[in-house]
Amino acid sequence: MFNIILFILTIVLLVISFIKSKEKTKMALKKAWKSFENILPQFLSIFILIGIMLSVLTPETISKLFGQQSGWLGMAVAAVIGSITLIPGFIAFPLAAALIKSGAGLMQIAVFVSTLMMVGIVTVPIEIKYFGKKTTILRNSMAFIFSFIVALIIGGVLGDGIN
Amino acid sequence: MELIKRYRTFISLAVINALIVVLYPSIGQKSLKITWSNTLEMLSVIPPVFILLGLLDVWVERETMMKLIGDRSGFLGGTIAFFLGSAAAGPLYAAFPIAGVLLKKGSSFSNVLIFIGAWSTTKIPMLLFEASAIGWKFMLTRFIVNIPGIVLIAYLTAKLLTEKDKKLIYDNIRSKNK
């Protein structure tokens with residue numbers, strides 16, 4: 001749905017741009033291609049890496065690792081898995097919901113969801129390419145710590161149930 | 001030769017994956033399937049993003065961007081950056097090239113980091129999805145805690161970087177986007 005909107009928006013703007021100036025549109029497309037090609041090797045490598053990791057880590061394994069009784073250790077495991085893997089939200093949220101139903105703890109899931117979204121170990125090479133090492137390390141490690149704060153607050157507000 | 005050098009990580013990973021397919025067919029095939037679906041997802045998001053970036057680069061004046069989210073844009077600039085990130089769709093890795101162009105166009109460092117933070121975790125379409133999958137209370141609590149968190153992380157990261165660090169990043173982005 002959103003991708004369709006994105007495509008339509010791009011095409012409309014491209015047409016407007018082309019009507020206004022052929023030269024500038026050509027330049028824009030050239031820049032677009034150059035920056036895409038520049039980052040392509042990283043993308044491709046990361047996708048293979050994710051594919052291998054996710055095929056080894058099944059939902060059953062994940063569930064076993066951070067059940068309700070797993071406590072801090074479970075949260076730590078959840079944080080590490082969330083930081084390393086890169087699962088799109090449309091898969092991650094149903095997965096999280098399924099894990100809660102099958103006995104995973106809310107705080108563990110909160111850490112998992114937060115690190116999944118904010119910390120990206122596999123995408124670190126891409127981030128470094130744009131922001132340099134220092135920014136990348138600072139941002140990711142602060143987001144990692146922050147994910148635990150989010151989980152503690154979720155645990156405090158929601159207790160044991162999601163309702 | 002240069003091409004092989006740039007793609008060497010990809011090539012070696014592809015070889016590893018091929019070995020897995022041979023040695024452990026079920027794991028190997030599953031991983032190929034996941035890789036393929038991720039590649040398709042990328043192809044459905046990334047091309048328009050890069051074209052929009054090219055257009056932005058060519059058409060929007062540096063001055064306009066600076067006024068909106070530059071060093072002196074203050075609270076309003078931060079808010080704009082937050083909503084820019086939240087309105088996005090697509091995985092985090094799509095945000096980095098955009099952040100690069102924003103920096104090049106004169107956005108302040110902390111605003112770009114707010115943009116990245118919002119993109120990573122408070123995307124509006126994702127919030128709706130999160131609420132329907134896990135529940136409104138979970139989503140809202142996370143959302144409310146995330147807002148100050150994103151700002152704090154952005155502010156601290158920008159503070160901890162020296163002027164030299166920032167200059168390096170700006171120079172690097174400018175040289176790449178010629």
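Residue numbers start from 1 in every chain, and the chains themselves are labelled A, B, ... in the order their sequence lines are given, proteins ahead of strands.
- Neither the backbone nor the side chain of B:L56 comes within less than 4.5 Å of any heavy atom of chain A.
- Interatomic distance, OG1 of B:T157 versus CG of A:N140, reported as 9.5 Å (0.5 Å rounding).
- Linking ILVMFWY residues whenever their side-chain heavy atoms come closer than 4.5 Å, directly or via other members, leaves A:I19 and B:L52 in distinct clusters.
- Across every non-hydrogen atom of B:P48 and A:T10, the tightest pair is CB-OG1, 3.2 Å.
- In this structure, chain A has no heavy atom under 4.5 Å from any part of B:L32.
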Please evaluate residues A:F93 and B:S132 with respect to the criterion side-chain contact (heavy atoms from CB on, under 4.5 Å), reporting the C-alpha separation (whole Å), side-chain torsions for both, the decisive distance (0.1 Å), and the verdict. CA-CA 9 Å; A:F93 288 125; B:S132 71; over 6 Å; no
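- For A:Y130 and B:F96, the gap between ring centers reaches or exceeds 6.0 Å.
- To the nearest 0.5 Å, atom CD1 of residue B:I134 and atom CD1 of residue A:I109 are 7.0 Å apart.
- Taking every heavy atom of both residues into account, B:L103 and A:F131 meet most closely at CD1-CE2, 3.9 Å.
- The closest donor-acceptor contact from the side chain of B:K33 to the backbone of A:S55 lies at 3.5 Å or more, if one exists at all.
- In this structure, chain B has heavy atoms under 4.5 Å from both the backbone and the side chain of A:E37.
- In the hydrophobic cluster analysis, where Ile, Leu, Val, Met, Phe, Trp and Tyr join through side-chain heavy atoms closer than 4.5 angstrom, A:F18 is grouped apart from B:V60.
- Most heavy-atom pairs under 4.5 Å with chain B: of the set A:T135, A:V150, A:V122, A:I11, this distinction falls to A:T135.
- Residue contact with chain B, scored on non-hydrogen atoms closer than 4.5 Å, involves the side chain of A:L29 exclusively.
- Contact between B:L92 and A:M117 at its shortest, heavy atoms only, is CD2-O, 4.0 Å.
- The CG atom of B:L156 sits 5.0 Å away from the CE atom of A:M142 when rounded to the nearest 0.5 Å.
- Comparing B:L168, B:I116, B:I20 by heavy-atom pairs within less than 4.5 Å of chain A, the highest count is held by B:I116.
- Between chain B and the residues A:I126, A:L116, A:T123, A:I52, the most heavy-atom pairs under 4.5 angstrom are made by A:I52.
- A distance of 5.5 Å separates OG1 in B:T121 from CE in A:M118, rounded to the nearest 0.5 Å.
- More than 12 non-hydrogen atoms from other residues, nucleotides or ligands lie less than 6.0 angstrom from OH of B:Y170.
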Test side-chain contact (heavy atoms from CB on, under 4.5 Å) on A:F146 and B:N146 and set out the steps. CA-CA 9 Å; A:F146 177 68; B:N146 271 328; 3.1 Å; yes
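- Neither the backbone nor the side chain of B:L53 comes within contact range of chain A, judged by heavy atoms closer than 4.5 Å.
- Contact check for B:F10 versus A:L40: no side-chain heavy atoms found under the 4.5 Å cut-off.
- Looking at B:A14, the atoms closer than 4.5 Å to chain A (heavy atoms on both sides) sit in the backbone and in the side chain alike.
- Put simply, CG on A:L44 and OG1 on B:T9 are 11.0 Å apart, with the number rounded to the nearest 0.5 Å.
- If you tally non-hydrogen atom pairs under 4.5 Å between each of B:S31, B:G28, B:G54, B:P47 and chain A, the highest count goes to B:S31.
- Scanning all heavy atoms of the two residues, the minimum distance from A:I48 to B:L13 falls at CG2-O, 3.8 Å.
- For an aromatic pair to be called close, the ring centres must be under 6.0 Å apart, and B:Y93 with A:F47 satisfies this.
- Contact count versus chain B (heavy atoms, under 4.5 Å) is highest, among A:A151, A:S17, A:P41, for A:P41.
- Of the two parts of B:Y24, neither the backbone nor the side chain holds a non-hydrogen atom closer than 4.5 Å to a non-hydrogen atom of chain A.
- Shown here for B:A133 and A:A97, the closest heavy-atom pair between the two residues is O-CB, 3.3 Å.
- Connection of A:V124 to B:I153 is not established within any shared hydrophobic cluster, with ILVMFWY side chains joined at heavy-atom distances below 4.5 Å, either directly or through further cluster members.
- Around the CZ atom of B:R8, the shell of radius 6.0 Å holds no more than 12 heavy atoms that belong to other residues, nucleotides or ligands.
- Of the inter-residue distances, the one linking B:N17 atom CG with A:L49 atom CG reads 10.0 Å to the nearest 0.5 angstrom.
- Follow the hydrophobic side-chain contacts under 4.5 Å out from A:F36 and you reach A:L14 in the same cluster.
- Remark: B:Y7 OH is packed, more than 12 non-hydrogen atoms of other residues, nucleotides or ligands lying under 6.0 Å away.
- Residues B:L55 and A:A28 come closest through the heavy atom pair N-CB, 3.7 Å.
- B:I69 and B:F75 fall into different hydrophobic clusters, where Ile, Leu, Val, Met, Phe, Trp and Tyr residues are linked whenever their side-chain heavy atoms come under 4.5 Å apart, directly or through other members.
- Proximity to chain A is absent for every atom of B:I11, based on heavy atoms less than 4.5 angstrom apart.
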